[in-house]
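Quantities reported herein were computed from a predicted structural model and do not represent experimental measurements. Heavy atoms only: backbone and side chains are in, while hydrogens, waters and symmetry mates are out.
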Amino acid sequence: MKRTLLLMAILMSCFSVISAQGIEIAFALPSGNDQLSANTAKMLRNRFLPAMTENGVETAEISTIAIKPKISFVNRQVVEGGMRNIHTSDIQFNFVCTNLVTSTTFASCVITVRGEGFSDDDAIKNALSKVSSEDKRLATFIRTAKDKIIDYYQRNLNSVISRARTFANIQQYGEGLALLFSCPATISGYTKVNNEITTIYRLFQTQECSNIIQKARTEYANGNYDAAAEYLQQIDMTSSCAAEAKQLCIQLKQTKDAEARRAVELIERQAQRETDLEKTRIKAARDVAVAYCKRRTDVYFVW
């Protein structure tokens, strides 16, 4: 029952995912970062949340558009303090909002604060404690980034779509989809973006569906009917694998596994409604884009 409810939740959330495609900004640090602990990185990110909410920007765990901070120490001093040395420095936070696929910079902001502590991380944390989450500089930075993002995609929409198509032509589907999902839904002509997302996702499906079908058949042969049904839900029922997927659905319905049968019935009902199918397709395409972002080796996302 739990798997069926999960499927229903995913399908019910598709519309909200599509309609919420405004501007989504994540928070990303360079890989190999040795300046910040995980808690300090989250503290740094949280300073931006009120400004993002106030300016109608959505915070995202994973996104092609991200704020990348660079931290520098100025006038650094280490003072002996009994058992432990005290690190004191003017800490410069250089925040840059950028597109991770194209390296396009939308806005930047520099804030310098005095910090001290028993380590560099402690000093950064101490400096951050002096930066209010309502700091007008943060709000201005987010507002500028939002305006520049909208302006950039409005002026360069055809070029963005063309570049996404180029990625797809060399089978870099994740990159292409990630680029398209960075487009704000509020710009005029966004229908062309959605159409291109569908086109590229279908190309991706053609490449991937045979592998998915094989995994589903293996799970079915091993008696793992729920797992087989989970694989089948990843297949677009208008793709080249649709016939094989439907045949396996029939076989699953003939098993005694009630959960698998309910999952298959849900998949079939969804496939009968083109509008729901389109929502599911966009959600699946988005998952491909997110997977690409997670595979990046140059940054990691703070959430």
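- Distance check, rounded to the nearest 0.5 Å: NZ of Lys130 to CD1 of Ile91 gives 8.5 Å.
- The two atoms that bring Ile150 and Ile187 nearest to each other are O-CG2, 4.0 Å, heavy atoms only.
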Trace of the side chain to side chain contact (heavy atoms under 4.5 Å, CB included) decision for Leu44 with Ile124: CA-CA 9 Å; Leu44 188 59; Ile124 294 171; 5.9 Å; no
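- The CZ atom of Phe301 sits 5.0 Å away from atom CG of Leu100, with the distance rounded to the nearest 0.5 Å.
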Evaluation steps, side chain to side chain contact (heavy atoms under 4.5 Å, CB included), between Asn126 and Ser129: CA-CA 5 Å; Asn126 176 254; Ser129 69; 4.2 Å; yes
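- At least one side-chain heavy atom of Val302 sits under 4.5 Å from a side-chain heavy atom of Lys42.
- Side-chain atoms of Ile86 and Phe118, non-hydrogen and from C-beta on, do get closer than 4.5 Å to each other.
- The side-chain heavy atoms of Asp151 and Phe106, taken from C-beta on, include no pair separated by under 4.5 Å.
- Put simply, Tyr190 and Ile161 are part of the same group of oily side chains (I, L, V, M, F, W, Y) that touch within less than 4.5 Å, one to the next.
- Residue-environment remark: NZ (Lys70) stays at or below the threshold of 12 foreign heavy atoms within 6.0 Å.
- Between Phe167 and Tyr173, the distance from one ring center to the other does not fall under 6.0 angstrom.
- Counting heavy-atom neighbours within 6.0 Å of Lys125 NZ, excluding the residue itself, gives a total above 12.
- Counting only distance, with no hydrogens or angles, the side chain of Asn222 and the backbone of Asn224 share no donor-acceptor pair below 3.5 Å.
- Using modelled atom types, one finds a donor on one side chain and an acceptor on the other under 3.5 Å when comparing Lys192 with Asn158.
- Within the 4.5 Å cutoff, no side-chain heavy atoms of Tyr231 are placed close to those of Thr218.
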side-chain hydrogen bond (donor to acceptor under 3.5 Å, both in side chains) between Tyr153 and Ser182, worked out: CA-CA 9 Å; Tyr153 283 102; Ser182 68; 2.6 Å; yes
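- No continuous path of ILVMFWY side-chain contacts below 4.5 Å connects Val299 to Ile67, so the two sit in separate hydrophobic clusters.
- Nearest heavy-atom pair, Leu177 versus Ala285, reported as atom, atom and distance to 0.1 Å: CD1-O, 3.7 Å.
- At a threshold of 4.5 Å between non-hydrogen side-chain atoms, the residues Val288 and Glu208 do not count as touching.
- Side-chain contact between Gln251 and Arg217: present, with at least one pair of heavy atoms (C-beta onward) separated by less than 4.5 Å.
- Summarising the local packing, CD of Glu134 is surrounded by 12 or fewer heavy atoms from other residues, nucleotides or ligands at distances under 6.0 Å.
- The hydrophobic clustering, which links ILVMFWY residues whose side-chain heavy atoms are closer than 4.5 Å, places Phe73 and Val113 together.
- Heavy atoms only, all atoms of each residue included: Ala66 and Ala28 are closest at CB-CB, 4.0 Å.
- From Thr98, atom OG1 reaches atom CD1 of Ile149 across 9.5 Å, with rounding to the nearest 0.5 Å.
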Side chain to side chain contact (heavy atoms under 4.5 Å, CB included) between Val160 and Tyr152, worked out: CA-CA 10 Å; Val160 169; Tyr152 173 84; 4.3 Å; yes
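- Ring pair Phe48/Phe95 is perpendicular by interplanar angle, where above 60° counts as perpendicular and below 30° as parallel.
- Side-chain atoms of Thr64 and Tyr292 include no donor-acceptor pair closer than 3.5 Å.
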Residues Asp147, Arg143; criterion salt bridge (charged side-chain N to carboxylate O under 4.0 Å, His left out); working and verdict: CA-CA 6 Å; Asp147 292 344; Arg143 185 164 52 252; 5.8 Å; no
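- Contact of the Arg114 side chain with the Thr88 side chain is registered, since non-hydrogen atoms from C-beta on lie closer than 4.5 Å.
- Between Ser89 and the choices Arg76, Glu116, Gln77, the side-chain contact (heavy atoms from CB on, under 4.5 Å) rule is met once, by Arg76.
- Within the 4.5 Å cutoff, no side-chain heavy atoms of Ser133 are placed close to those of Leu49.
- When all heavy atoms of Cys97 and Ile25 are compared, the pair lying nearest together is SG-CD1, 4.1 Å.
- No path of Ile, Leu, Val, Met, Phe, Trp and Tyr side chains, each step under 4.5 Å between heavy atoms, connects Met52 with Ile62, placing them in separate hydrophobic clusters.
- A distance of 11.5 Å separates CD in Glu58 from CD1 in Ile65, rounded to the nearest 0.5 Å.
- Nearest approach of Ala26 to Glu61, heavy atoms of both residues: CB-O, 4.0 Å.
- Side-chain heavy atoms closer than 4.5 Å link hydrophobic residues (I, L, V, M, F, W, Y) into clusters, and following such links, possibly through other members, connects Leu36 to Phe27.
- Atom OG of Ser72 sits about 11.5 Å away from atom CG of Asp90, to the nearest 0.5 Å.
- Here the side chain of Thr144 pairs no donor or acceptor atom with the backbone of Ala107 at under 3.5 angstrom.
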Audit row: Asp287, Tyr201, side chain to side chain contact (heavy atoms under 4.5 Å, CB included) steps and yes/no: CA-CA 10 Å; Asp287 289 343; Tyr201 178 68; over 6 Å; no
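- Ile213 contributes atom CD1, which lies 5.0 Å from atom CD of Glu244 (distance to the nearest 0.5 angstrom).
- Taking each heavy atom of Pro69 and Pro30 in turn, the nearest pair found is O-CD, 4.3 Å.
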